[in-house]
Each structure stands twice: as structure tokens, then as C-alpha cells.
Amino acid sequence: MIVSKLTAKAQTTIPRPVRIALGLDPGDELLYEIDGARVVLTKARPGAVADDPFRTFREWGTKADAEAYADL
């Protein structure tokens with residue numbers, strides 16, 4: 001079993017064996033999937049669509065909005 005500690009700022013270091021197993025490099029994005037009392041950690045694929053909490057907001061969903069906010 002591999003263990004790491006959580007800091008007061010809710011941060012942790014991903015242990016080296018886990019980084020190697022997932023092929024993680026600095027700057028890589030991670031996906032967290034909550035499954036009951038467990039969390040599954042995987043390396044995000046480039047261009048993968050993550051869960052977007054704002055996807056239900058339709059107020060700013062026009063093409064003009066997408067172009068106006070594209071560089072943010």
C-alpha cells in the first residue's frame with residue numbers, strides 16, 4: 001500500500017511509484033472519479049472533457065458569447 005499525507009492547504013505529493021505507474025509529468029492534469037468511499041485517480045488525456053459544473057448555465061451559450069470569452 002502506498003500512502004501520502006494531506007497538508008493544511010489540502011495538498012499532497014503524489015508518490016513516485018504512482019507517478020511512474022500513471023506516466024505523470026509536471027503539468028499533467030489528473031481526473032478524479034468518486035466511487036462510493038473510493039476515489040480513482042487517472043491521468044487526463046489531452047483534450048479530454050472534464051466534468052464542467054457550468055455546463056447547465058445556458059444564459060451565455062450563444063456563438064457570440066463563445067467568441068467573446070474564448071481567450072479568457
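- Not counting sequence neighbours, the partners of K9 by the side chain to side chain contact (heavy atoms under 4.5 Å, CB included) test are T7, Q11.
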**OP:** Apply the test side-chain contact (heavy atoms from CB on, under 4.5 Å) to residues L22 and D28: give CA-CA distance (whole Å), side-chain angles for both, the deciding distance (0.1 Å), then the verdict.
**Re:** CA-CA 10 Å; L22 293 177; D28 285 343; over 6 Å; no
**OP:** Show the numbers, then the answer: is there a side-chain contact (heavy atoms from CB on, under 4.5 Å) between T13 and R19?
**Re:** CA-CA 10 Å; T13 298; R19 293 191 315 264; 4.3 Å; yes
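- With sequence neighbours excluded, the residues satisfying side chain to side chain contact (heavy atoms under 4.5 Å, CB included) with I2 are P15, P17, V18.
- Checking side-chain atoms of T12 against main-chain N and O of K5 turns up a donor-acceptor pair under 3.5 Å.
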Donor-acceptor list for residues 31-43 side chains, cut-off 3.5 Å, not counting sequence neighbours:
residue: K43; atom: NZ; partner: G23; partner atom: O; Å: 2.8

